[in-house]
Amino acid sequence: MKVADIRSGVEMLGELIAEARVIVPFTGAGISTETGIPDFRSPGGLWTRNRPIPFDEFVADQDARDEAWRRRFAMDEVFSAARPGRGHLALAALYRAGKIPSVITQNIDNLHQASGFASDDVIELHGNTTYARCIGCETRYEMQWVKTRFAEEGCAPDCNTCGAPVKTATISFGQAMPEDEMRRAAELSQRCDLFIAIGSSLVVWPAAGFPLMAKHAGARLVIINNEATEQDRHADLVIHHDIGETLGPFVRN
Ligand code: NAD
């Protein structure tokens with residue numbers, strides 16, 4: 001493991017990127033903090049304010065559903081105002097250059113798509129919070145529909161088609177991981193030659209298994225994060241520094 005300061009880190013990362021044929025980025029909440037969306041675990045992060053509502057509670061309890069939607073509405077301005085940061089833009093440049101086939105993300109904020117990735121090339125392990133789905137028949141609903149129904153009825157709405165609860169299109173704790181996304185992420189992790197974990201505490205499983213899967217399959221592993229992670233010792237290069245500053249030099253217009 002090589003822990004680099006910002007200057008030599010950027011230089012070494014540039015060399016690894018130049019040598020790589022297939023790069024797979026794996027992103028977490030840390031890539032989006034500079035866009036104004038708080039992460040979960042940093043001071044001031046979402047968990048320091050609210051206990052997450054597990055999936056079974058959401059399904060069983062109207063009050064939990066009302067609370068989940070109130071919290072989501074409270075974040076609406078933040079999500080709507082956020083624009084891709086330097087980390088997103090750097091990855092989008094490498095995607096346009098043909099080095100990155102797809103990005104694997106734990107994020108739910110739609111910012112990789114906003115930076116120029118085709119939707120099919122964003123593998124969302126934890127879904128997307130910018131729209132909603134019925135948890136029964138999976139009908140898609142837009143945020144405005146949910147807001148209007150909530151305002152009219154004074155509570156979290158159910159699906160027009162099947163009557164089951166409507167939830168943000170995210171994966172909550174206790175909810176099954178999306179099979180297709182997990183399969184695609186595993187395939188990519190095993191066929192890349194450079195895997196870059198960016199802004200993730202690497203503690204949420206099974207998503208946190210992909211960096212090691214890539215490493216075991218022969219890829220070089222880079223971890224960029226403000227704080228140490230349990231997987232640093234397996235990485236070829238570790239950069240404990242701000243993501244925007246680290247990836248800023250790779251942004252191309
Ligand atoms: P996390 O909050 O557990 O970890 C984020 C990590 O990023 C932390 O270790 C923190 O030190 C680091 N970090 C924050 N800002 C940084 C910066 N500017 N430069 C360098 N490092 C920085 O997030 P996670 O690992 O993604 O896992 C938590 C779950 O939270 C994910 O599953 C995701 O679904 C969800 N989440 C998503 C968003 C989003 O979509 N933007 C926001 C909050 C939580």
Side-chain angles (χ1 to χ4, degrees), residues 3-6 9-10 13 25-55 68 71-72 74-91 103-115 117 122-131 167-178 181-182 185 196-211 222-232 235 237-250:
V3 183
D5 61 77
I6 176 72
V10 169
L13 181 59
F26 170 87
T27 61
I31 197 173
S32 296
T33 51
E34 80 169 7
T35 77
I37 302 173
D39 63 11
F40 263 175
R41 292 177 179 77
S42 293
L46 296 174
W47 269 12
T48 56
R49 287 183 255 155
N50 286 316
R51 179 188 69 89
I53 298 171
F55 185 63
R71 286 184 195 175
R72 175 60 188 81
M75 288 296 291
D76 212 29
E77 264 179 46
V78 172
F79 280 114
S80 309
R83 296 289 170 269
R86 287 169 292 176
H88 299 100
L89 296 174
L91 298 182
V103 55
I104 305 172
T105 189
Q106 302 178 88
N107 293 345
I108 54 177
D109 54 27
N110 211 52
L111 288 175
H112 289 300
Q113 292 90 328
S115 74
F117 276 81
V122 183
I123 301 175
E124 293 175 320
L125 299 176
H126 296 158
N128 189 310
T129 194
T130 62
Y131 59 93
K167 183 180 160 297
T168 54
T170 52
I171 307 295
S172 301
F173 285 99
Q175 192 171 1
M177 293 294 285
E181 282 77 358
M182 289 297 285
I196 313 179
I198 304 163
S200 175
S201 55
L202 299 178
V203 297
V204 180
W205 292 78
F210 292 115
V222 176
I223 296 179
I224 307 171
N225 203 52
N226 263 340
E227 56 184 10
T229 77
E230 290 224 330
Q231 299 189 23
D232 285 0
L237 174 63
V238 178
I239 304 175
H240 288 157
H241 205 84
D242 179 69
I243 291 160
E245 281 182 41
T246 307
L247 292 180
F250 300 95

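Read the numbers this way: they start at 1 and go in the same order the structure lists the ligands and their atoms. Residues take their numbers from the sequence shown, with the count starting at 1. Side chains are part of it too, since the values below use all heavy atoms of this structure and drop only hydrogens, waters and symmetry mates.
- Put simply, no part of E34 is less than 4.0 Å from ligand 1, judged by heavy atoms.
- If you look at H126 next to ligand 1, the close heavy atoms, those under 4.0 Å, all belong to the side chain.
- In this structure, M177 CE and I171 CD1 are separated by 7.0 Å, a value rounded to the nearest 0.5 Å.
- Panel note: side chain Q106, backbone A208; no donor-acceptor pair is recorded below 3.5 Å.
- Listed by number with element, the atoms of ligand 1 under 4.0 angstrom from any heavy atom of G199 are 5 (C), 6 (C), 7 (O).
- At distances below 3.5 Å, at least one donor-acceptor pair connects side-chain atoms of T33 with backbone N or O atoms of G30.
- Within the set N110, T27, N225, the minimum heavy-atom distance to atom 6 (C) of ligand 1 is found for N225.
- Proximity to H241 (heavy-atom distance under 4.0 Å) selects the following atoms of ligand 1: 19 (N), 20 (C).
- Among F79, F173, F40, the residue whose heavy atom lies nearest to atom 29 (C) of ligand 1 is F40.
- Taking all heavy atoms of L247, I243, D242 into account, the minimum distance to atom 18 (N) of ligand 1 is reached by D242.
- Close approach to G28 involves these atoms of ligand 1, each under 4.0 Å from a residue heavy atom: 26 (O).
- With ligand atoms numbered from 1 in the order given, ligand 1 contributes 41 (N) to contacts under 4.0 Å with heavy atoms of I37.
- Interface atoms of ligand 1 facing T33, defined by a heavy-atom separation under 4.0 Å, are 14 (C), 15 (N), 16 (C), 17 (C), 18 (N).
- With I224 as reference, I196 is the one residue of I31, D242, I196, T27 to meet the side-chain contact (heavy atoms from CB on, under 4.5 Å) rule.
- Residue S32 approaches ligand 1 through these ligand atoms, each under 4.0 Å from one of its heavy atoms: 41 (N).
- Between L111 and the choices D109, I108, N107, the side-chain contact (heavy atoms from CB on, under 4.5 Å) rule is met once, by D109.
- P211 approaches L202 most closely through the heavy-atom pair CG-CD2, 4.0 Å.
- Within the listing of ligand 1, atoms 27 (O), 28 (C) sit less than 4.0 angstrom from a heavy atom of V204.
- Between E124 and Q113, some side-chain heavy-atom pair lies under the 4.5 Å cut-off.
- Classification of the F117-H112 ring pair by plane angle, with boundaries at 30° and 60°, yields perpendicular.
- Heavy-atom minimum distance, G174 versus F55: C-CB, 4.0 Å.
- Near P38, meaning under 4.0 Å from any of its heavy atoms, are these atoms of ligand 1: 42 (C), 43 (C).
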